[in-house]
There are 2 protein chains.
Amino acid sequence: MSQTVEIQRQPDDAAARVKAVSAVTTFGPEAPLQLDCGVSLSPFTIAYETYGTLNVDKSNVVLICHALTGDQHVASRHPITGKPGGWWPMMVGPGLPIDTDRYFVICQNVIGGCMGTTGPKDIDPGTGKPYGLSFPVITIGDMVRAQAMLLDRLGIKDIFCVIGGSMGGMQVLQWATAYPERVFSAIPIATAARHSAQNIAFHEVGRQAIMADPEWHAGAYLDGETSPAKGLAVARMAAHITYLSEAALHRKFGRNLQNRDKVTYGFDADFQIESYLRYQGSTFVDRFDANSYLYITRAMDYFDLAADCGGVLANAFKGTKTRFCVVSFTSDWLFPTSDNRQIVHALNAAAANVSFVEIDTDKGHDAFLLDEPEMFATLKGFIGAAAERRGLK
Amino acid sequence: MSQTVEIQRQPDDAAARVKAVSAVTTFGPEAPLQLDCGVSLSPFTIAYETYGTLNVDKSNVVLICHALTGDQHVASRHPITGKPGGWWPMMVGPGLPIDTDRYFVICQNVIGGCMGTTGPKDIDPGTGKPYGLSFPVITIGDMVRAQAMLLDRLGIKDIFCVIGGSMGGMQVLQWATAYPERVFSAIPIATAARHSAQNIAFHEVGRQAIMADPEWHAGAYLDGETSPAKGLAVARMAAHITYLSEAALHRKFGRNLQNRDKVTYGFDADFQIESYLRYQGSTFVDRFDANSYLYITRAMDYFDLAADCGGVLANAFKGTKTRFCVVSFTSDWLFPTSDNRQIVHALNAAAANVSFVEIDTDKGHDAFLLDEPEMFATLKGFIGAAAERRGLK
């Protein structure tokens with residue numbers, strides 16, 4: 001049987017701007033998740049958080065989609081790292097662009113993830129052991145299908161606004177094309193309608209780093225309580241470089257040395273950038289599952305929104321009534337403006353309602369997570385205008 | 001005692017454009033290599049190749065400096081991979097920009113390398129075991145100092161032209177500043193006067209991938225005849241992405257699938273780019289030593305030509321009479337034109353004789369190794385004019 005468990009988890013969190021409700025909903029045998037690979041996944045669980053209050057006609061829902069290593073804790077203390085405020089603290093809260101006094105915000109951990117939604121680290125009921133590599137390969141389409149099932153379960157038909165950056169932006173695009181009638185407005189940020197060769201290449205390096213770790217044990221590391229932490233850390237380090245810009249690295253670190261006056265002629269972290277990267281790698285492994293990293297990167301690689309439309313992206317948006325706001329960043333070389341502009345061109349070709357803003361920043365891809373006043377102003381304006389059009393109070 | 005052994009190795013190589021002479025020179029206790037780290041390395045060996053004929057007044061020497069994973073086989077069959085023609089087949093040979101009918105070409109394997117010149121895989125005479133991590137950390141300055149000792153040994157005082165790309169270009173700059181009176185002309189290609197934070201970061205990822213491999217055994221893998229091949233392959237894969245451009249990856253691979261009609265919903269190399277990267281990683285480990293990779297990347301990270309000149313790069317070139325030709329490539333994001341332009345600005349500030357060409361290409365950093373007609377024409381013109389000025393026949 002399906003069931004939902006809710007936990008009010010924020011009253012003790014003084015740093016929180018807004019009260020979060022954590023919940024998990026389990027879908028039983030009567031509601032399997034039909035995956036693109038052909039597998040029917042059942043049972044499965046979705047972990048999510050909500051912020052704010054659902055209005056009477058359920059018309060004020062903002063769905064936030066998280067990125068590769070994100071999770072449902074968009075505006076609440078992270079249960080593992082203890083970091084307060086969530087991963088989008090300047091975006092979500094009272095009076096912020098995603099105003100929790102006005103909207104009912106939902107953020108779900110994606111299928112394949114490791115923060116409560118069913119993924120490769122969970123127990124396969126068929127074997128009684130963790131799935132590991134026997135977990136079916138999932139897609140962005142599967143992630144969104146699972147999210148839609150949760151909304152159905154919550155009795156929510158329409159989404160006022162779906163928003164996300166990077167892989168979150170891919171989900172936004174998938175929502176807008178798979179369920180166009182359910183999406184009033186959509187904000188894909190720093191994303192692409194298909195993953196580029198270079199991005200697939202970086203993901204492959206990360207996967208190979210994990211798989212090269214003998215502690216990975218062909219994905220079955222949880223059986224033996226080992227962990228491919230070193231491989232996962234290398235994967236994270238490589239990926240982390242791609243999230244920043246050369247200019248930001250130069251500004252933040254340059255060739256500054258780490259707590260020393262001169263180089264040591266050794267392989268310690270002489271440079272601050274080395275120390276920083278090692279820290280990024282070592283802290284990541286505490287909060288993320290290596291197999292989830294494999295599965296979620298694979299889902300991104302497979303994403304190609306136009307593939308089912310004869311390669312013509314505009315066809316994916318044909319007849320859409322959704323209002324779009326596409327955002328890119330000048331120094332983002334992982335999902336460069338050109339990738340985002342392709343989405344805009346396709347939307348224009350489909351005569352869709354779209355605005356496009358390229359934010360001038362040197363912070364690279366990660367800019368969508370950081371303090372970017374122009375982004376906040378843009379999104380506050382767009383969401384506010386959409387709310388007015390939607391007749392939201 | 002010091003000695004040199006020469007081997008004529010090309011007569012059987014039908015693919016060779018030019019006869020190569022392979023040689024190794026060992027420097028005995030009377031001639032230690034004074035390293036920047038303070039260690040005095042002795043004995044040590046330099047492996048090198050020569051092409052063409054030294055003229056009577058020894059004024060026709062072209063010194064080619066190789067890049068991170070290059071070696072002395074600049075225009076001869078590689079002894080391990082069997083690849084004919086060397087790593088710069090279109091640049092070096094009769095009638096080519098570096099014309100072996102006209103110039104006496106020398107290419108030395110760098111100190112710290114693994115193709116015959118002393119490096120961490122060689123036996124430490126003090127212990128009778130491979131150096132491993134007890135090999136002293138070397139710098140670009142050390143590489144060039146060793147090269148100068150070889151030229152001294154060969155009775156060669158002046159270099160008509162020193163040329164190299166990437167780390168080879170760093171050596172060119174080092175030559176021109178450490179021994180300005182010996183260098184008539186210098187051609188740094190796709191390089192920088194100091195290694196950027198982003199480039200240090202990518203190197204650190206590679207080093208961490210190697211060090212994360214349990215077969216690395218803290219550098220002592222040769223004692224046990226193991227090899228951190230998986231870690232080294234990951235390092236190579238990550239680095240290889242940086243050698244290409246996004247445009248080239250898109251043009252060559254895009255999202256093309258590898259010998260299949262549809263994705264497999266698995267972790268095989270579904271995409272051509274994945275298959276290509278895996279191949280690059282797996283073949284590299286056959287020809288390169290993992291510890292050499294650590295040491296040589298470290299030497300590049302440490303490179304900062306202005307560091308000894310109060311941070312003012314122009315001071316490094318003060319009073320130089322060398323003729324420079326700086327070459328960059330539009331799509332090179334590892335050593336972007338801006339890095340190369342800094343060299344040009346410093347040379348201009350030092351009132352040096354410098355020409356600068358930015359080649360329009362989508363091939364990325366690796367362009368310097370590839371078929372770039374504009375580069376060939378530029379270098380043929382520059383080298384020819386310099387030869388005329390030098391009075392070479």
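To find a chain, count down the sequence lines: A is the first, B the second, and so on, and within it residues start at 1.
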message = I need the minimum non-hydrogen distance between A:Pro214 and B:Pro214, along with the two atoms involved.
response = CG-CG, 3.2 Å
inquiry  = Return the CD to CZ distance between B:Gln208 and A:Arg236, rounded to the nearest 0.5 Å.
reply    = 15.5 Å
query = chain B heavy atoms under 4.5 Å from A:Tyr295: which part of the residue, side chain, backbone, both or neither?
reply = both
inquiry  = Can you tell me which portion of A:Thr264 sits under 4.5 Å from chain B's heavy atoms? Options are side chain, backbone, both or neither.
reply    = both
task = Examine whether an atom of A:Leu133 lies under 4.5 Å from a heavy atom of chain B, and if so say whether it belongs to the side chain, the backbone or both; otherwise answer neither.
result = side chain
query = When you look at NE2 of B:His217, are more than 12 heavy atoms from neighbouring residues, nucleotides or ligands closer to it than 6.0 Å?
reply = yes
ask   = Among A:Arg194, A:Glu274, A:Glu246, which residue forms the greatest number of heavy-atom pairs with chain B at distances under 4.5 Å?
value = A:Glu274
Between CG on residue B:Asp142 and OH on residue A:Tyr265, distance to nearest 0.5 Å = 7.5 Å
task = Apply side-chain contact (heavy atoms from CB on, under 4.5 Å) to B:Phe253 and A:Ile200, showing your working.
result = CA-CA 11 Å; B:Phe253 304 108; A:Ile200 295 172; over 6 Å; no
message = Rounded to the nearest 0.5 Å, what separates atom CZ in A:Arg207 from atom CG in B:Leu277?
response = 10.5 Å
Distance in Å, B:Ile273 CD1 paired with A:Glu204 CD, rounded so as to fall on 0.5 Å steps = 9.0 Å
query = With only heavy atoms counted, which part of A:Asp36 is less than 4.5 Å from chain B, the side chain, the backbone, both or neither?
reply = both
message = side-chain contact (heavy atoms from CB on, under 4.5 Å) for B:Val205 and A:His240? Distances and angles first, verdict last.
response = CA-CA 10 Å; B:Val205 167; A:His240 199 81; over 6 Å; no
ask   = What part of A:Asn199 gets closer than 4.5 Å to chain B, counting heavy atoms only: side chain, backbone, both or neither?
value = neither
remark   = d(B:His250 NE2, A:Ser338 OG) to nearest 0.5 Å is 9.5 Å
remark   = Looking only at heavy atoms, the pair that brings B:Ala212 and A:Val234 closest together is CB-CG2, 4.3 Å
request  = Select, from A:Gly38, A:Ala248, A:Gly254, A:Gly281, the one with the greatest count of heavy-atom pairs under 4.5 Å involving chain B.
outcome  = A:Gly254
inquiry  = Just so I understand: if I count every heavy-atom pair under 4.5 Å between each of A:Gly206, A:Ala269, A:Pro136, A:Ala197 and chain B, which residue has the most?
reply    = A:Ala197
request  = Give the member of B:Lys230, B:Gln198, B:His195, B:Glu215 that has the highest number of heavy-atom pairs under 4.5 Å with chain A.
outcome  = B:Gln198
Toward chain A: residues of residues 299-308 of chain B with heavy atoms under 4.5 Å = B:Asp301, B:Tyr302, B:Phe303, B:Asp304
